[in-house]
There are 2 protein chains.
Amino acid sequence: MEKQEFKSRIYNELSALTKAMSNPFRLQIIDLLAQGSRTVEEIAGQLSISIANTSQHLQVLKSANLVTVYKQGHYAHYRVASDEVVRSWHSLRDLGINRLAEIDRTLRQFREERESFESISIDELLQKIEQGNVMILDVRPQKEFAAGHITGARSIPIDQLAQRLAELSGEKETVVYCRGPFCVFADDAVQMLTQRGIPSRRLEEGFPDWKIRNLPVTALI
Amino acid sequence: MEKQEFKSRIYNELSALTKAMSNPFRLQIIDLLAQGSRTVEEIAGQLSISIANTSQHLQVLKSANLVTVYKQGHYAHYRVASDEVVRSWHSLRDLGINRLAEIDRTLRQFREERESFESISIDELLQKIEQGNVMILDVRPQKEFAAGHITGARSIPIDQLAQRLAELSGEKETVVYCRGPFCVFADDAVQMLTQRGIPSRRLEEGFPDWKIRNLPVTALI
DNA sequence: TATTTATTCAATAAATCTATTGAATGATTG
DNA sequence: CAATCATTCAATAGATTTATTGAATAAATA
């Protein structure tokens, strides 16, 4: 094999892989599947796009070996092909968060409107856990909490939070987390808690970040 | 800001960032700039494409904040905007190497043709260095060696290696490295050494991988 | 076996990406 | 100040990507 052909083959393949990721909906799909497997219907609902379109995007991801599928009953369940896919996605995501002014501006604006001014990183949370003075609140849907959550976290899905605020004393500082830095559940929760005088901050990252770092995780059977 | 708009903004930005990387030539440019800054002319020469086309690709990378430029005399010098860019590129690169059968096949075929069957990882090299029985050979051009190399490595640029084989005794095992897993200098060197009965293997990764891990590096003034 | 249901496929037009060409720019040099 | 030189810009045609639509498929259910 000629050197020229070797390089062109390699970089063409890598470009195809990158191209498969380089679409806003497909990035959202990867981010969603980092939580766990999902059916086509669930993904389409989450992204608010048509089933046919979702299916096509999934075919692209599958041809690039970024996701795999297994069928069960009527449904096709998609999942990420490996943790490495999530790692690459997080690497791009963090590059964007740290270096794109427009993303920083959007995040800031969105959170300031919700009075969620300050976030806390996983590393900072780990310190607080060691000190023992923190309450970790998982506001994702019950199913996702059951599939896996930060060990020691308490579950109050965001759509139940308003009615269940009394359960939260506010003795300890509350750290709220959800699916990731672009998941809005935690921001909504912080807004709600702040308005009731319960001091809280959102976790900058999400559950997949915690899990992929092999930090302690609990699943309900 | 509506949630819908928030997500669409964020993922559109991230998709644009990813799209800026998703072209074979632009990936080659990033890989090259991971070595250090280069002029437009040098990049074009390396990729064997026209200056105008190179310039256009560089504009794309620049708009995405992946590279920066500074002018000196007649020349525009481009460099990666931060180490994080290199990290993301490596993450994608390794995802491809580990999960795309076609890349694995191409790498294998190319190296087998050069009798470079086995490579050694940075982690394995570190162990060997500790044991003290390894000779590290840098076969990149002199300039790149001068700009920074693995501390303790010896420099014989690939185009001088044939004449200077006598300098290599073969007492210790030789590990050859160059720019990265797709750099062919090291494979050529291993082929040459193997044919002369000097046992050698190539380093799987390259100098940028070593440097980005903050392992010991030496530069010549 | 016929029907239902989730998903995939195929065709299409609009938008975007790409390499090429040759001219324009603008800083440095003589 | 004119000439030189590296780089960028602009225009363009061909290729690829995208969302939409409606039909096709194939497994499960009645």
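Below, chain A is the first sequence line, B the second, and so on; all start at residue 1. Since the structure is predicted, the reported quantities are computational estimates derived from the model, not experimental observations. Every heavy atom of this structure was used, including side-chain atoms; hydrogens, water molecules and symmetry mates were not.
- In this structure, the OH atom of A/Tyr70 is 16 Å from the C1' atom of C/dT7, given to the nearest Å.
- For B/Ser22 and A/Ser15, the side-chain atoms include no donor-acceptor pair closer than 3.5 Å.
- Side chain to side chain, B/Glu42 and B/Gln46 fail the donor-acceptor criterion of an N or O pair below 3.5 Å.
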Quiz item: Quick one: what's the B/S/- string for nucleotides 2-8 of chain D, heavy-atom cutoff under 4.0 Å, read 5' to 3'?
Solution: ---BSSB

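- In this structure, A/Glu2 has no side chain to side chain donor-acceptor pair (under 3.5 Å) partners at least two apart in sequence or on a different chain.
- The environment of NZ in B/Lys211 is sparse: at most 12 heavy-atom neighbours from other residues, nucleotides or ligands sit within 6.0 Å.
- By the ring pair (Phe, Tyr, Trp, His ring centres under 6.0 Å) test, A/Phe182 is found to be paired with B/Tyr11, residues two or more places apart in sequence or in another chain being considered.
- For D/dA19, one of the phosphate oxygens OP1 or OP2 lies less than 4.0 angstrom from a side-chain nitrogen or oxygen of A/His57.
- Within the structure, the salt bridge (Lys or Arg N to Asp or Glu O under 4.0 Å) test picks out the following pairs touching residues 18-40 of chain B (sequence neighbours left out): B/Arg38-B/Glu144.
- The 12-atom threshold is not exceeded at CD of A/Gln4, counting heavy atoms of other residues, nucleotides or ligands nearer than 6.0 Å.
- Listed by first then second residue, pairs satisfying ring-ring contact (aromatic ring centres under 6.0 Å, His included) with a partner in residues 74-105 of chain B read B/Tyr70-B/His77, not counting sequence neighbours.
- Atom-to-atom, CD of B/Gln72 to P of C/dT28 comes out at 11 Å; the value is rounded to the nearest Å.
- We find that CD1 of A/Ile49 is positioned 13 Å from P of C/dT8, with the value rounded to whole Å.
- If you take CG of B/Asn12 and P of D/dT18, they are 12 Å apart, rounded to a whole angstrom.
- Of the residues in residues 21-37 of chain A, those placing a heavy atom less than 4.0 Å from an atom of DNA chain D are A/Asn23, A/Phe25, A/Arg26, in numerical order.
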